[in-house]
Chemist: 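Got a structure for you, questions after.
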Amino acid sequence: MTSDMTAAIGRYVNGKIIALQRGFLAENPAARATLARLRADIDGRGTNWMDIGNDLYGDWPTESLGDPGRNPRAVAAVSTALGLYALHQQSKTTPVAQTDTQETRSISFGAACRRIVADTGAPMDDDAAKGVVRRLSAAESAPTFDGVVWFLRALIMLMRASKRDISLDYRQFAQDLYLLQIPEYADQVFQRWSCDFYYRPAPNKTARQAR
């Protein structure tokens, strides 16, 4: 059941973000207004559920996610993923959500955090990485989901401020946000993020021969 739920959350969030990202980049007023509402929620200014309720529940897929009133973890994962996307996309003229992972490798949250301090495939400067590691460690140690989100928000802001164009697979990220609320799965999420943050695959044979 957990795998079915995480897959459904990923599909729902991905579909929402594809539409929002397309509208935002086309300067669609409705999409921009939606992102502003979602951003206000994640910015800590207090959630106005009557403002964002239609954005979350208007087309909620009950057949796959169940009754939202009885699935608070799914609601938290969806609202957090959408809010963090809205924060990440703010003032950016390029898409920050990776919406097609069939042709390219999915960019996990751990891999996106690495991009804050290192170019793709490049070695990481340990001193430069300290601030990112500190926030990731604080998120892992946070006693509540709200505490975790506080530090994830700080990392998303670093991605937005970076001179590199850092994108993120929000489908997978939303799934991770759901699993982080389940104690027996949270450790697995942080382990995977740690691997994606620190591990640098060796150049493939074709790349080495081209040099």
Side-chain angles (χ1 to χ4, degrees), residues 10 13-14 17-18 20-21 24-25 35-36 38-44 76-77 79-101 103-142 144-180 186-204 207:
V13 166
N14 196 55
I17 287 178
I18 286 174
L20 285 171
Q21 183 164 263
F24 176 81
L25 296 175
L35 290 177
L38 294 169
R39 193 164 54 245
D41 173 39
I42 206 70
D43 265 346
S79 62
T80 301
L82 293 175
L84 289 174
Y85 164 71
L87 185 66
H88 192 176
Q89 187 67 73
Q90 185 181 18
S91 304
K92 305 291 284 187
T93 57
T94 55
V96 300
Q98 182 192 25
T99 55
D100 183 4
T101 59
E103 299 298 327
T104 58
R105 183 178 179 181
S106 172
I107 302 171
S108 75
F109 188 71
C113 285
R114 182 186 178 92
R115 285 275 291 143
I116 296 171
V117 293
D119 290 320
T120 301
M124 188 165 55
D125 183 326
D126 290 341
D127 288 336
K130 285 180 180 177
V132 174
V133 172
R134 185 174 65 251
R135 289 172 174 84
L136 284 169
S137 296
E140 185 175 8
S141 301
T144 66
F145 181 66
D146 285 345
V148 173
V149 172
W150 175 262
F151 293 104
L152 300 187
R153 176 183 176 278
L155 289 160
I156 289 289
M157 290 181 69
L158 289 178
M159 292 179 199
R160 188 183 73 188
S162 173
K163 294 180 180 179
R164 302 178 178 91
D165 287 329
I166 302 177
S167 58
L168 173 62
D169 180 357
Y170 275 89
R171 177 199 294 263
Q172 184 187 93
F173 189 42
Q175 294 172 340
D176 288 344
L177 289 169
Y178 177 73
L179 294 174
L180 285 172
D187 189 59
Q188 296 176 25
V189 173
F190 281 110
Q191 181 184 30
R192 178 159 37 82
W193 287 358
S194 175
C195 177
D196 293 341
F197 181 76
Y198 285 108
Y199 176 62
R200 183 165 67 103
N204 61 42

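Index from 1, following the sequence.
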Chemist: For the CD1 atom of I42 and the CH2 atom of W150, what is their distance to the nearest 0.5 Å?
Modeler: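 It comes to 11.0 Å.
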Chemist: Please name the pair of heavy atoms, one in I156 and one in L84, separated by the smallest distance, quoted to 0.1 Å.
Modeler: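 Where I156 meets L84 most closely, the heavy atoms are CG2-O, 3.7 Å.
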Chemist: Please list, chain by chain and in numerical order, all residues satisfying side chain to side chain donor-acceptor pair (under 3.5 Å) with D126, sequence neighbours excluded.
Modeler: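 Result, side chain to side chain donor-acceptor pair (under 3.5 Å) vs D126: none returned.
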Chemist: If you measure from CG on L38 to CG on L82, what distance do you get to the nearest 0.5 Å?
Modeler: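 The CG atom of L38 sits 5.5 Å away from the CG atom of L82.
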Chemist: Decide yes or no for L152 and T80: does some side-chain heavy atom of the first lie under 4.5 Å from some side-chain heavy atom of the second?
Modeler: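 No, their side chains stay 4.5 Å or more apart.
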Chemist: Going by heavy atoms in the side chains, are Y85 and L168 under 4.5 Å from each other?
Modeler: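 The answer is no, as the side chains (C-beta and beyond) never meet within the 4.5 Å cut-off.
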Chemist: Hey, could you give me the CG/CD distance between L180 and Q188, rounded to the nearest 0.5 Å?
Modeler: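 L180 CG to Q188 CD: 11.0 Å, rounded to 0.5 Å.
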Chemist: Could you tell me which residues satisfy side chain to side chain donor-acceptor pair (under 3.5 Å) with S79, sequence neighbours excluded, listed by chain and number?
Modeler: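 So S79 forms no side chain to side chain donor-acceptor pair (under 3.5 Å) with any residue.
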Chemist: With a 3.5 Å distance limit and no angle check, can you tell me whether Q89 reaches the backbone of V96 through a side-chain donor-acceptor pair?
Modeler: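 Such a contact is found between Q89 side chain and V96 backbone.
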Chemist: Considering non-hydrogen atoms only, spot the tightest contact between L87 and M157 and give its length.
Modeler: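 Closest heavy-atom pair between L87 and M157: CD2-CG, 3.7 Å.
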Chemist: For a side-chain contact (heavy atoms from CB on, under 4.5 Å) check, start with the C-alpha distance between I166 and L158, then their side-chain angles and the critical distance, and finish with the verdict.
Modeler: CA-CA 10 Å; I166 302 177; L158 289 178; over 6 Å; no
Chemist: Less than 3.5 Å apart, which donor and acceptor atoms pair up between the side chains of residues 128-140 and the rest of the protein, not counting sequence neighbours?
Modeler:
{"residue": "K130", "atom": "NZ", "partner": "D127", "partner atom": "OD1", "Å": "3.4"}
{"residue": "R135", "atom": "NH1", "partner": "G131", "partner atom": "O", "Å": "3.0"}
{"residue": "S137", "atom": "OG", "partner": "V133", "partner atom": "O", "Å": "3.0"}

Chemist: Using side-chain heavy atoms (C-beta onward) and a distance below 4.5 Å, is R164 in contact with D119?
Modeler: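 Yes - at least one pair of side-chain heavy atoms lies under 4.5 Å apart.
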Chemist: Could you tell me whether the side chain of L177 reaches within less than 4.5 Å of the side chain of F145, counting heavy atoms only?
Modeler: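 Yes, their side chains come closer than 4.5 Å.
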Chemist: With sequence neighbours excluded, tell me which residues meet side-chain contact (heavy atoms from CB on, under 4.5 Å) with A174.
Modeler: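 Checked A174 against side-chain contact (heavy atoms from CB on, under 4.5 Å); matches are I9, V13, A81.
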Chemist: Do you know the tightest heavy-atom contact between L155 and I116?
Modeler: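 Residues L155 and I116, closest heavy atoms: O-CD1, 3.8 Å.
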Chemist: Nearest 0.5 angstrom please: I18 CD1 to R171 CZ, how far?
Modeler: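 So the gap between those two atoms works out to 7.0 Å.
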Chemist: Listed by chain and number, what are the ring-ring contact (aromatic ring centres under 6.0 Å, His included) partners of F197, not counting sequence neighbours?
Modeler: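 ring-ring contact (aromatic ring centres under 6.0 Å, His included) list for F197, sorted by chain: empty.
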Chemist: Work out which heavy atom in A122 is nearest to a heavy atom in A118; give both atom names and the distance.
Modeler: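 Looking at all heavy atoms of both residues, the shortest contact is O-CB, 4.1 Å.
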Chemist: For the pair D196 and R114, find out whether any cationic side-chain nitrogen is under 4.0 Å from an anionic carboxylate oxygen.
Modeler: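 Looking at D196 and R114, the cut-off is not met.
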Chemist: Donor-acceptor pair, Q172 side chain versus S106 backbone, under 3.5 Å?
Modeler: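 Answer holds: no.
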Chemist: My understanding is that only residues two or more places apart in sequence, or in another chain, count here; which of them pass ring-ring contact (aromatic ring centres under 6.0 Å, His included) with F109?
Modeler: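 Only F173, W193 meet the ring-ring contact (aromatic ring centres under 6.0 Å, His included) criterion with F109.
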Chemist: If we only count heavy atoms from C-beta on, is the M159 to S167 side-chain gap below 4.5 Å?
Modeler: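 A side-chain contact is absent here, since even the closest heavy-atom pair is not under 4.5 Å.
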Chemist: Looking at H88 and A97, would you say the former's side chain and the latter's main chain have a donor-acceptor pair under 3.5 Å?
Modeler: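 Checking the backbone N and O of A97 against the side chain of H88, no donor-acceptor pair under 3.5 Å is found.
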